[in-house]
Amino acid sequence: MPGVEIDRSTLWKKARQDKHGNIPDPKVAEKAKLIDELQKQVAEGSLSITGSNDVLTLALGPEHPGRVRGVGAGISPRQFFNLPRPQRVKFADQLKESVRIVLQEETKKMEVRTKQLVEAEREHLLSQLSHLIPNFDPSMLKPKTSPCKNQGLQQSPKNPMSDKASCSGAEVRSLHLEDDTARNGEQQEQTKVGALDNQDEEKKEENKDEQKMGEKKDEGKKEEKRENKDEGKEEDTNVEEKKEEKQDEEHDEEGNEVVDYSNVEVPSSLQSLCGYVETTLKPQGKIMTFNIEKEVFGADRSTFVVHEDITQFSGMEEIGATVVAVYMRCLYDLLREANMCSMVGFIDPAQVSANAGSLTDRSRIVASRLQKTDGEQIFMMPYNPGRHWVLLIVRAKRETVYFLDPLPGNRVVDEEGKNIVNSALKIYNSHIGRPGRKAPIWKTLPGTPKQPSSVECGYYVMRFMRDIIMDPSLEFEKKFAKGKDQAPYPQAAIDEVRKEWAEFVCLHMD
């Protein structure tokens with residue numbers, strides 16, 4: 001049969017023809033006609049065939065398992081079509097591979113998005129600094145420096161929290177330079193208009209005042225007599241007012257007790273830092289830049305401290321994510337000296353606290369850190385749900401989370417923070433290929449020392465972390481598991497934290 005390849009479809013037809021070349025069975029003849037048409041299409045190039053999907057398969061349908069039509073007995077499909085031996089793949093391996101691919105894609109998307117946000121925020125920050133600092137030179141900031149929060153400036157996406165976290169719920173103070181400038185302009189215009197109106201009013205008032213002067217002289221004599229009688233009453237009233245003023249000074253706007261730290265002795269290293277603020281940072285409009293290595297939070301991070309951070313810290317005022325993150329970098333040195341880096345890890349508080357991004361983004365950040373866990377390693381995660389600091393300790397292998405709150409009373413975990421960690425543990429379980437619990441175990445440790453007023457939460461969380469890593473056995477659960485609220489830390493314990501923070505920051509002075 002010229003022009004036609006002699007393949008198994010041709011052999012199949014020949015086997016069904018009589019000696020005259022005819023096919024008696026009409027149904028078989030119809031299939032043979034279809035084979036001829038398909039062979040013609042293959043010859044013309046309008047139809048392509050590969051492997052087992054050849055002309056005979058197209059005409060008659062798929063092969064039956066274990067045999068091949070048109071080539072005789074004893075030939076298997078794998079032998080005839082030269083198919084590779086099928087390999088069995090476990091379902092768990094397939095699932096693990098698919099999850100790995102999804103995580104890789106999501107990680108790439110996050111990296112691109114983070115770079116875009118950081119670059120946009122950096123440009124905005126430089127613009128704000130040029131208004132705030134006279135003769136500001138943008139070159140003093142490194143090109144790839146990731147802007148951190150600055151009091152009075154727009155917050156960075158990686159550190160969206162206010163730099164003042166008060167447990168009283170009072171409004172966070174900020175400078176809002178543009179709003180202040182607009183208000184000042186409006187006030188000046190109103191003052192000019194008011195001055196012209198006042199000139200006309202003053203002339204009218206002068207005439208009225210002359211008439212009233214005579215009346216006031218008579219009234220003044222009568223008032224003198226009354227004043228002598230009321231002097232005794234006023235003395236009693238003044239005593240009561242002073243008592244009320246003193247009580248107001250001891251409480252904040254919402255009635256929470258506030259401890260007076262004005263007479264607290266400042267550690268020497270912090271005094272030196274305050275001197276540096278007055279001689280260098282404030283006069284020259286400088287900031288202190290810190291590069292936090294990848295080993296601390298899982299990725300290289302840059303942040304900076306401004307003079308307000310230092311003065312607030314020295315005065316035992318509310319502190320924010322920058323101060324806490326810098327102290328965690330200081331604690332990392334202690335972990336390294338004690339060979340405990342494989343036992344304890346840190347999660348960046350500026351990337352997971354309130355307003356740092358969507359819940360999904362923050363869960364992935366936590367999951368990324370947990371995926372680097374080694375056995376029983378714990379991760380300490382300072383978390384601020386809104387003007388209050390707490391400490392979460394995540395033990396991924398056991399799917400257990402510990403909740404430490406410095407405020408007294410029966411404290412409850414913030415729902416958003418709980419969802420962030422729960423979602424992160426689900427991602428972690430998928431990464432290691434285990435089904436995991438239906439819900440992670442949350443344990444509140446009520447036996448932590450309790451802050452005496454509404455401003456010390458950040459200092460207490462820093463001290464919690466220090467106490468935990470100073471115990472090589474990491475028996476923090478037993479230490480803080482007491483059922484009753486504990487007394488506050490002595491001021492010496494808080495000053496130890498402040499001294500270490502100041503000494504670390506002093507290393508970055510010019």
Side-chain angles (χ1 to χ4, degrees), residues 114 117-165 172-178 180-181 266-267 269-293 296-297 299-315 317-330 332 348-351 353 356 458 462 498 500-510:
T114 300
L117 290 174
V118 169
E119 186 60 29
E121 186 60 26
R122 178 178 177 274
E123 294 299 327
H124 181 71
L125 182 61
L126 291 176
S127 174
Q128 292 280 44
L129 285 174
S130 64
H131 289 85
L132 181 62
I133 304 174
N135 302 322
F136 173 71
D137 182 10
S139 62
M140 71 182 187
L141 294 178
K142 294 185 178 181
K144 293 185 179 180
T145 299
S146 173
C148 184
K149 70 97 210 106
N150 185 358
Q151 294 170 4
L153 302 181
Q154 181 69 26
Q155 306 301 327
S156 165
K158 286 195 174 185
N159 190 1
M161 301 166 47
S162 163
D163 201 44
K164 301 187 75 177
V172 180
R173 288 170 285 176
S174 58
L175 295 180
H176 298 299
L177 299 177
E178 296 179 358
D180 289 348
T181 304
V266 179
S269 56
L270 196 50
Q271 291 179 9
S272 301
L273 203 54
C274 290
Y276 181 67
V277 168
E278 298 300 326
T279 59
T280 305
L281 294 186
K282 289 176 69 174
Q284 300 180 20
K286 287 188 174 182
I287 58 177
M288 302 182 71
T289 304
F290 295 82
N291 294 319
I292 301 179
E293 299 87 342
V296 181
F297 293 132
D300 291 324
R301 174 176 182 249
S302 295
T303 187
F304 58 81
V305 171
V306 295
H307 65 82
E308 290 93 346
D309 296 320
I310 298 171
T311 54
Q312 290 167 4
F313 189 74
S314 64
E317 298 180 29
E318 304 94 332
I319 58 175
T322 296
V323 174
V324 177
V326 169
Y327 186 66
M328 294 170 80
R329 171 60 186 85
C330 174
Y332 179 77
D348 190 350
Q351 291 187 316
S353 293
M462 291 160 69
R498 297 204 297 158
E500 292 173 347
W501 185 90
E503 288 175 347
F504 179 77
V505 174
C506 283
L507 298 175
H508 294 74
M509 291 194 305
D510 295 336

side-chain contact (heavy atoms from CB on, under 4.5 Å) evaluation trace for Ile310 with Trp501: CA-CA 10 Å; Ile310 298 171; Trp501 185 90; 4.3 Å; yes
Any residue meeting side-chain contact (heavy atoms from CB on, under 4.5 Å) with Thr280, in chain and number order, not counting sequence neighbours: Tyr276, Gln284, Lys286
Sidechain-backbone polar pair: Thr311 side chain, Glu308 backbone, donor-acceptor under 3.5 Å: yes
Ile319 backbone acceptor or donor facing Gln312 side chain under 3.5 Å: no
Derivation and outcome, side-chain contact (heavy atoms from CB on, under 4.5 Å), residues Met328 and Asp348: CA-CA 9 Å; Met328 294 170 80; Asp348 190 350; over 6 Å; no
Testing the basics here: between [X] and [Y], what is the closest heavy-atom pair and its distance to 0.1 Å?
X      : Y      : result
Ser269 : Ala502 : OG-CB, 3.5 Å
Ser314 : Val266 : O-CG2, 4.1 Å
Glu500 : Cys330 : O-SG, 4.0 Å
Leu273 : Cys506 : CD1-SG, 3.9 Å
Arg498 : Phe313 : NH1-O, 3.1 Å

Inter-residue atom distance Arg301.CZ - Asn291.CG, 0.5 Å rounding: 11.0 Å
Value rounded to 0.5 Å, distance of CG in Leu281 from CE in Met509: 9.5 Å
Full working for side-chain contact (heavy atoms from CB on, under 4.5 Å) between Gln271 and Cys274: CA-CA 5 Å; Gln271 291 179 9; Cys274 290; 5.6 Å; no
Mutual orientation of the aromatic rings belonging to Phe290 and Phe504 [parallel < 30°, tilted 30-60°, perpendicular > 60°]: parallel
Salt bridge (Lys or Arg N to Asp or Glu O under 4.0 Å) involving Arg329 - partner list, sequence neighbours excluded: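 Salt bridge (Lys or Arg N to Asp or Glu O under 4.0 Å) check on Arg329 returns Glu293, Asp333.
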ring-ring contact (aromatic ring centres under 6.0 Å, His included) partners for Phe297, two or more places apart: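 Partners of Phe297 by the ring-ring contact (aromatic ring centres under 6.0 Å, His included) criterion come out as none, since no residue qualifies.
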Stepwise side-chain contact (heavy atoms from CB on, under 4.5 Å) test for Val305 and Thr322: CA-CA 7 Å; Val305 171; Thr322 296; 4.0 Å; yes
